[in-house]
Amino acid sequence: MLLNFIAKIWNGLASPVRRDLAWLAHAKFTHGVAGVILDKRGRVLLLKHRFWKQQRWGLPGGHARRGETLAATLRRELREETGLEVKPTKLLRVTTSQGWMAQFIVLAECTGEPAARSAEIMDARFWERTELPENLLPAHRAVLEELMGKEGGWSGLPVE
């Protein structure tokens with residue numbers, strides 16, 4: 001009986017009020033995008049990050065802005081960090097970390113040569129899949145090795 005009363009009140013609220021109440025009642029998290037960016041030769045783009053521990057190499061990407069799509073986030077971050085224009089094609093994987101961060105791994109294609117254009121990026125270059133740098137972030141190495149090891153190429157969902 002109490003649940004029916006609560007449901008009646010809830011269902012009588014306007015959608016924006018229900019959305020705001022649901023937002024207040026639930027945990028908050030951040031989402032970001034990491035890109036597996038391939039050039040025409042099939043090499044993968046890695047960036048050397050100034051603010052990561054041991055200034056490791058890793059996949060390009062960053063945090064999404066409010067209301068920004070995965071594809072738009074990846075395009076913006078790559079433009080800011082390397083000057084490259086990318087074409088996101090597939091959502092490869094979603095991972096979580098620290099209980100508040102969702103990381104979307106997106107496959108994308110590009111042409112051109114990268115350049116370190118952001119203060120946070122020390123170097124940007126394409127690497128052969130069989131010659132990844134030793135100082136590659138372990139989580140990114142694991143994702144790349146697993147995804148590159150799949151037969152039949154890169155499988156995923158359309159990103160746009």
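Hydrogens, waters and symmetry mates play no part in the numbers below; they use all other heavy atoms, side chains included.
With sequence neighbours excluded, no residue forms a salt bridge (charged side-chain N to carboxylate O under 4.0 Å, His left out) with E120. In this view, H31 and F104 satisfy the ring pair (Phe, Tyr, Trp, His ring centres under 6.0 Å) rule, not counting sequence neighbours.
With rounding to the nearest 0.5 Å, the separation of NZ in K87 from CG in L78 is 15.0 Å. Of the inter-residue distances, the one linking H140 atom NE2 with L59 atom CG reads 5.0 Å to the nearest 0.5 angstrom. The CD1 atom of I121 sits 10.5 Å away from atom CD of E80, with the distance rounded to the nearest 0.5 Å. Here the OG1-CG distance, from T89 to L38, works out to 8.0 Å after rounding to the nearest 0.5 Å.
More than 12 non-hydrogen atoms from other residues, nucleotides or ligands lie less than 6.0 angstrom from CD1 of I9.
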Acceptor/donor pairs from residues 41-49 side chains to any protein atom, 3.5 angstrom cut, sequence neighbours excluded:
residue	atom	partner	partner atom	Å
R41	NH2	E128	OE2	3.2
R43	NE	D39	OD2	2.7
R43	NH2	D39	OD2	2.6

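The cluster map of Ile, Leu, Val, Met, Phe, Trp and Tyr, joined by side-chain heavy atoms under 4.5 Å apart, puts V94 and I37 in the same cluster. In the hydrophobic clustering of this structure, M122 does not group with L137; members are Ile, Leu, Val, Met, Phe, Trp, Tyr whose side-chain heavy atoms approach within less than 4.5 Å, directly or through other members. Both L92 and W127 belong to a common hydrophobic cluster when Ile, Leu, Val, Met, Phe, Trp and Tyr are linked at side-chain heavy-atom distances under 4.5 angstrom.
No donor-acceptor pair under 3.5 Å is formed between the side chain of R79 and the backbone N or O of L74. Using a distance-only test at 3.5 Å, with no hydrogens or angles considered, no donor-acceptor pair links the side chain of T82 to the main chain of A116.
Across all their heavy atoms, L91 and I105 have their closest contact at CD1-O, 3.5 Å. In terms of heavy atoms, H63 sits closest to E77 at O-OE2, 3.8 Å. Residues G112 and F126 approach most closely at O-CE1, 3.7 Å, considering heavy atoms. Considering every non-hydrogen atom in both A108 and P88, the closest pair reads CB-CA, 3.7 Å. N135 and Q55 make their closest contact through ND2-O, 3.4 Å (heavy atoms, listed as atom of the first residue, atom of the second, distance). Shown here for R141 and L136, the closest heavy-atom pair between the two residues is NH2-CB, 3.5 Å.
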| query | After noting the C-alpha distance and the side-chain angles of R65 and R76, does the key distance pass the side-chain contact (heavy atoms from CB on, under 4.5 Å) rule? | reply | CA-CA 10 Å; R65 293 180 177 159; R76 176 183 51 77; 3.2 Å; yes

| message | Run the side-chain contact (heavy atoms from CB on, under 4.5 Å) test on R18 and N11 for me, step by step, so that the C-alpha distance in whole Å, both residues' side-chain angles and the decisive distance to 0.1 Å come before the verdict. | response | CA-CA 8 Å; R18 291 190 337 200; N11 291 327; 3.9 Å; yes

| query | What do the steps show when you test T96 against M101 for side-chain contact (heavy atoms from CB on, under 4.5 Å), and what is the final call? | reply | CA-CA 5 Å; T96 59; M101 174 69 169; over 6 Å; no

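Ionic pairing of D123 and R125 is present here: one or more N-O contacts between side-chain nitrogen and carboxylate oxygen are shorter than 4.0 angstrom. A salt bridge links E146 to R93: one of the charged nitrogens lies within less than 4.0 Å of a carboxylate oxygen.
Outside the 6.0 Å centre-distance limit, the rings of W57 and W52 are not counted as a close aromatic pair.
Side-chain contact, T73 with E68: a donor N or O sits under 3.5 Å from an acceptor N or O.
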